[in-house]
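Inspection log for the structure reproduced underneath, given as structure tokens.
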Amino acid sequence: MDPTSHRPHPRSRTLLFAVVAAAVLVACGLPSCNPTAGAQLTICAVDSAQKSDCSASAFAAHSIIAGDIRTVSSSQVIAVQVLDAASRQPMPNLPLRFTIGGANASTADVQSDSTGMATLTYIGTHPGTDTIAVAPTSGATVRSATTATIHWLKTQSVVHPILFVHGINENANVLQRQEEWTTLFEALDATYERTDIETFCFVDDRAYRDASAPPHCPGPTTADCATKCISQSSVDDNAVELAKRVMDFHTRIGKPVTLMGYSMGSAIIRTFLAGCPNSPTQTDADANGRADVCEAALPFVDQAYFLNGVQQGSWLMTVKRGVDDASNLTGDGISPFTSLAFHSVLPVLEQFIFDTVKDRLGGPDPTSQAAVDLTPQSPNIQAHNRFPIPNTIQVYTFYGSVQLTLSVDIFAYHVAGTQTLPLGDLVLLAQSDSLASTPRWGGASLCDACGSPDARGYHASTIGDQYHAWALIDAHDVNIADIIPAVGQTLQATAGSPVQHLNISQPVAQAPGSGVQVEDITHLSGNPTTDMAYEILLILMHHDGLA
Amino acid sequence: MRSSHSRLSARRRARATGGIPLLPRRVPARQILQELARRRPRLERWPTLPILLAVLALALLLGGWTPRTSAVAAQSSASALAARQQLASGPRTVARWFDPAGRTAMVLALLGSQEQVSGTLTFTLPSGDVVQAQKLGPLLALARELSQLSPDATFDAATTVCGPATLLVAKPASGAGIEQQVNMVLGVHIGQGGLLAYAGLNYAEVTPILFAAAASSCVLTSPQYEMKAGCSDLKSPCTALLTPAQAATQYDQSMVTAAAQGNWDTVYALTGQAVTAQYSSTAAFGALMQQQVQRVGRITALTPAGAPSAIQLNAQGQAYFVAQDNMTLDHNGSTSQKLITSYYVLEGDGWRFWFSCGAGSHC
């Protein structure tokens, strides 16, 4: 091939130059070539524990977290991605200023690299909360920008036994390895003695099958663990086991035990705190039908945290077990008649949620004892409803509250939604606060004799101080045309809500700076609201006189 | 198919005439340069036109231009409507009726599923409690018949069913069970292809004597609960349902009139609960619509773009149809036209406007 064959003709070269120059001139008349383009800045906190590396692919997949919990004198890496808000292209070589406000206030100037990324590494020297913002100092205006939140904690090793109870189908070893509830464990780890934070094993825990059970788990109750250890045993059996474990924990540490339960774990705790009234394994029940072992262990509990807990059962179990059909779903604010605006979409909505969530739950076997117990109005629920929680135990409840509004277009006219459909955490409806209520479709809320939730979702005992509850509100507006005839992106986003039952244990819901914010009742965070994990830590610290 | 065929034809025509074909979106720059390189001799002879085109093409690439797509959108929208009209909905799996005024509803499972037995009837009371009956012979027969029924079919049948049922209480008193066994007497009148219905219900707690009495005389008298969805009792003929074309035209006309006169009462009456339950007075609805007219413009004409779809039944048993209109909008004297797809749903005794498809929706 003649190497000169591709050499541009001199006149062509001039023409080509003219073409390119003219093209640039014309293109720069368009919004994307504006010299003061609007920048979209997204901040990410690097945290190996939460598998957050803030890489370009993580930004692309929206799998980034907006905060971290660190101990004082350690370092924190913050990354920012700068995109042209119009073209969504990276903005390289842009001068940026990080502004840290809060306990470690300072500023730092950096420049975005060729991929539009910039990082800041800083060491927190004071305990407290930092809020980090970033903005270009020249060359672009801010079209949108997120912030990051870092909680800096003093390293301590306070002795306070904490026992975490997982949900149905889960593995105690996963918790022990802190692969779920990572942020919460990070927060607890910084302040409390790590070896005193334990996880409870179900009597048929999957950890037994893997031979990976955490320390102090006594072993399975079945010899056929290879096939039967699936974490689907009865709530009652596990409640008795929990009582034994509390006794053992208290004996070893010599301090009251704090219980934290997620999903079915909360149901186990609730049954234990009721004194295991319906235990089929009891051998020495007293006249009231309570198991002595549970009664004996109750004085050794100081606090109970219910995290998206199955208090009155899950509507999903009702449908899965064929007790009723999803299209009949009713609840507080959900019925064909109290929510007429949603009447024409409820059947589609319910079927979509059911289909979306049932597979992600990974079962359970609808005939398992766990599924039976978690079905609204089950004998287990009716039994524990008869007994209040001893007033020496402080109760803190967090439950998801996805709230939907429905907008409609009438030809060219947009009609905004005004009614709200409360869908709980999609697996559990929120429902009544009462300890004794038995709604047909179950519920998660637990706040006896409490007032109505405030605008932030917080409510508490009107007399005394025993119960506190937070509705984790996540509001979505969905256009009816995105539900019917086919489910579209906005409803898919609703199913992916961070407060959704299966997402609540993940960093997206718990990381500092996440959208899931709760009212800070301790007034220790320095803000009216904070993230759930930090709030739990602050409550514990408040009880322990650490704050 | 048609649009891709049109694109191919356009390219063929362009090649035959020697011009640069109109390029589809996202053409690689290399392809444009190759095209230019191939045409270099012609470029030297008549440089102005190709240069201008090249400038434009490069500028558009650099500027992230998006072509106007209204014609394409209209075409694909029309295809979507055609596809919906051809939807083979298969056998009906559930039939559903609703009485907004009486606050009652009835659902009949026509085909068995994992979660529901065929012939299961659920009658929802105004309180939200439901009475559920399964495996009763006449209901099974009715379910079989309705499962095969086209919504356009002429069908009118009435029956009275007596037997055991379950009362499922939405919010039972503390400690009480949600399930209570009852005996029910249910009169059902189904009309107009299964789309309209009447049901009257009496139920009582199970006692051996009452059960015997009910079994001996299965007659519905003075029903405690009624569900009137286009039929008013067991004997009278059901309301004649408008055809989709009639219903759509009626709504179109009411919309244009309301936009011109500012009185939205008729539009409100013909609009579905998704809107009217949220704006519970015509005044509030009217005020909102007037704001929209100010903001977006006044709809001056709605012209049907073809016939509406046939009546469809979705998996949840809801009956609906789809219509398309060419909408003319006047905003501060500037007139524009747009093709709009709208859905209408059967609510109670008639068709109600359900929604129009907005940008980004799956319609």
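Throughout, protein chains are lettered first and strands after them, A, B, ... in sequence-line order, and every chain is numbered starting at 1.
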Report task. Give me the ring orientation class for A:Y413 and B:W264: parallel if the planes are under 30° apart, tilted from 30 to 60°, perpendicular past 60°. Result ->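 Perpendicular, since the angle between the ring planes exceeds 60°.
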Can you measure from [atom1] ([X]) to [atom2] ([Y]) and round to the nearest 0.5 angstrom?
| X | Y | atom1 | atom2 | answer |
| --- | --- | --- | --- | --- |
| A:I484 | B:N314 | CD1 | CG | 6.5 Å |
| B:E179 | A:R440 | CD | CZ | 9.5 Å |
| A:Q419 | B:Q273 | CD | CD | 9.5 Å |
| A:F342 | B:Q278 | CZ | CD | 6.0 Å |
| A:S344 | B:E347 | OG | CD | 6.0 Å |

Query raised in the report: What about A:F411 and B:F353, are their ring centers closer than 6.0 Å?
Result: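 Yes, ring centres under 6.0 Å apart.
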Requested in this report: Against chain A, work out which of B:Y279, B:Y251, B:W354 has the most heavy-atom pairs shorter than 4.5 Å and name it.
Outcome: B:W354
Query - Top of B:T276, B:L302, B:V267 for chain A proximity - count of heavy-atom pairs under 4.5 angstrom - result: B:L302
Go through the atoms of [X] and report whether side chain, backbone, both or neither lie under 4.5 Å from a heavy atom of chain A.
| X | result |
| --- | --- |
| B:V130 | both |
| B:I299 | both |
| B:V293 | both |
| B:T166 | neither |
| B:L168 | both |

Query raised in the report: Quick one: does A:V415's side chain get under 4.5 Å of B:Q292's, heavy atoms only?
Result: no
Requested in this report: Report yes if some heavy atom in the side chain of B:Y343 is under 4.5 Å from a heavy atom in the side chain of A:I480; otherwise report no.
Outcome: no
Query raised in the report: Where do A:I410 and B:F285 land on the side chain to side chain contact (heavy atoms under 4.5 Å, CB included) test, with the steps shown first?
Result: CA-CA 12 Å; A:I410 304 178; B:F285 174 74; 4.1 Å; yes
Query raised in the report: For the candidates A:P376, A:P439, A:A412, which exhibits the highest count of non-hydrogen atom pairs separated by less than 4.5 Å from chain B?
Result: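 Greatest number of close heavy-atom pairs with chain B: A:A412.
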Report task. Could you have a look at A:I483, A:T490, A:V345, A:V348 and say which one has the most heavy-atom pairs with chain B under 4.5 angstrom? Result ->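 Highest number of pairs under 4.5 Å: A:V348.
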Query - Heavy-atom closest contact (A:A481 atom, B:C357 atom, distance) - result: CB-CA, 4.1 Å
Requested in this report: Check the pair A:V408, B:F355 against side chain to side chain contact (heavy atoms under 4.5 Å, CB included), reporting the backbone distance first and the verdict last.
Outcome: CA-CA 6 Å; A:V408 181; B:F355 61 90; 3.8 Å; yes
